[in-house]
Amino acid sequence: MKEYAKIGKGTVLVTDGPLKYIEFESLNRYRDLLIHFMSTRHGGVSSGECSTLNLGLGRNDDRSNVIENFRIICNATSVNMESLVLTNQVHGTKVCRVYESDMGKGLLRESDLKGTDGFITTAPGVTMVTFHADCAPVFLFEPSAKAAALLHSGWKGTLADIVTKAMDEMKKIPGFDAGRVEAVIGPSIGFCCFEVDEDVYRQFRGKYDNGSFYSHISGTKWKIDLKAIIRARLAEAGVDIRNIHDCGICTKCCKDLFFSYRGDRGRTGSMAAFMQIRQ
Ligand SMILES: [Zn+2]
């Protein structure tokens, strides 16, 4: 028996026994066309710093635990585990278009999709998967063209502007209209908690010169509003600001529910975001 509770802005926390995962109301409006969700840290079999629903293969965890955790969340959401295609993220801007022939890559078989931080698909039944533990997941869906993208936009990806790269790729899809895109920025480190040194601040300021993105703490310490930058990049790429939904959840502030790289001082597991054009 699943229970549903509202958290953040437009976010639904689904509790299914020990398992907890989230969905977004703006994308649930398209549930006939789209499957999407994101895991939390609850409901898996991993222990220690990866307790309990670690989905990252590169973490301090046994592969068998990660596979079992994928099985648990896929069963609960009625997603075929063989349909998953996983990124192997490098904090870059490479976004791969994926097809039915890519299903299983990165989990059930070797992947030739190297160095990719995002996927785009129009192929029904292909489940895109990205990994997060403070870095923002960005879900993009264009319901008329039936095109979806899922991105990992951490601070490096945000600085390098993976959002614009992905939107440029999506615009090549026949019938695609940026103005119809629904965009969701999922749980990730907030303006409240993303502190950086002067050098990182200067890189951002040199590229995105809008004072509202930054807050000076003291000395060489600054805060950067990564989600505001992502929202601005989406708007610049033609997404209607009314269709840009920031769930407003900071992973570090909510580290009891979400893995947080900074909140757990680097010793943590990984959540995953999932998105599939329904078959
Ligand atoms: Zn915070």
Side-chain angles (χ1 to χ4, degrees), residues 5-15 20-26 37-43 49-56 59 89 91 117 130-139 150-160 162-163 183-205 207-208 210-234 244-273:
K6 287 195 178 194
I7 60 168
K9 277 183 251 161
T11 307
V12 180
L13 177 66
V14 184
T15 301
K20 292 180 188 291
Y21 60 92
I22 60 169
E23 301 172 345
F24 303 106
E25 289 173 348
S26 55
F37 54 92
M38 181 173 173
S39 64
T40 68
R41 66 196 301 164
H42 296 289
E49 69 199 52
C50 290
S51 294
T52 55
L53 193 70
N54 170 49
L55 294 171
R59 302 291 177 173
Q89 296 162 191
H91 297 273
D117 281 81
T130 54
F131 299 94
H132 309 271
D134 283 349
C135 295
V138 180
F139 298 75
L150 185 57
L151 313 175
H152 162 254
S153 187
W155 75 260
K156 288 180 182 167
T158 303
L159 178 63
I162 188 171
V163 163
V184 173
I185 303 167
S188 51
I189 197 157
F191 199 16
C192 42
C193 292
F194 187 58
E195 291 185 23
V196 300
D197 281 316
E198 187 86 20
D199 59 326
V200 173
Y201 163 71
R202 283 188 184 283
Q203 289 179 64
F204 272 90
R205 192 72 198 239
K207 185 152 183 178
Y208 308 121
N210 175 336
S212 71
F213 297 155
Y214 312 98
S215 168
H216 189 211
I217 303 167
S218 64
T220 59
K221 295 284 184 190
W222 291 79
K223 283 182 181 171
I224 302 180
D225 191 347
L226 295 172
K227 300 185 207 201
I229 295 172
I230 292 170
R231 291 197 305 269
R233 300 317 296 156
L234 288 165
I244 301 172
H245 308 276
D246 177 353
C247 78
I249 298 169
C250 171
T251 40
K252 186 164 181 251
C253 288
C254 300
K255 72 187 187 72
D256 290 342
L257 185 56
F258 300 103
F259 290 118
S260 171
Y261 187 82
R262 288 194 172 206
D264 295 326
R265 297 173 186 273
R267 298 175 60 87
T268 195
S270 185
M271 288 143 343

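Order of listing sets the numbers, starting from 1, for every ligand and every atom in it. In this text the structure is predicted, and so the values were computed from the model without any measurement.
Side chain of Ser270 to main chain of Phe131: no donor-acceptor pair is present (N/O by atom type, distance under 3.5 Å, no hydrogens or angles).
With sequence neighbours excluded, the residues satisfying side-chain hydrogen bond (donor to acceptor under 3.5 Å, both in side chains) with Lys221 are Asp197. His152 pairs by the side-chain hydrogen bond (donor to acceptor under 3.5 Å, both in side chains) definition with Gln89, Asp117, not counting sequence neighbours.
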inquiry  = If you apply the rule side chain to side chain contact (heavy atoms under 4.5 Å, CB included), what do you find for Ile249 with Leu257, and how did you get there?
reply    = CA-CA 11 Å; Ile249 298 169; Leu257 185 56; over 6 Å; no
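Evaluation of the salt bridge (charged side-chain N to carboxylate O under 4.0 Å, His left out) test over residues 248-263, restricted to residues two or more places apart or in two chains, returns Lys255-Asp264.
Near-neighbour remark for the Zn ion (ligand 1): protein N, O or S atoms under 2.8 Å are Cys192 SG, Cys193 SG, Cys250 SG, Cys253 SG; waters not counted.
Taking all atoms of both residues into account, the shortest heavy-atom contact from Asp134 to Ser260 is OD1-OG, 2.8 Å.
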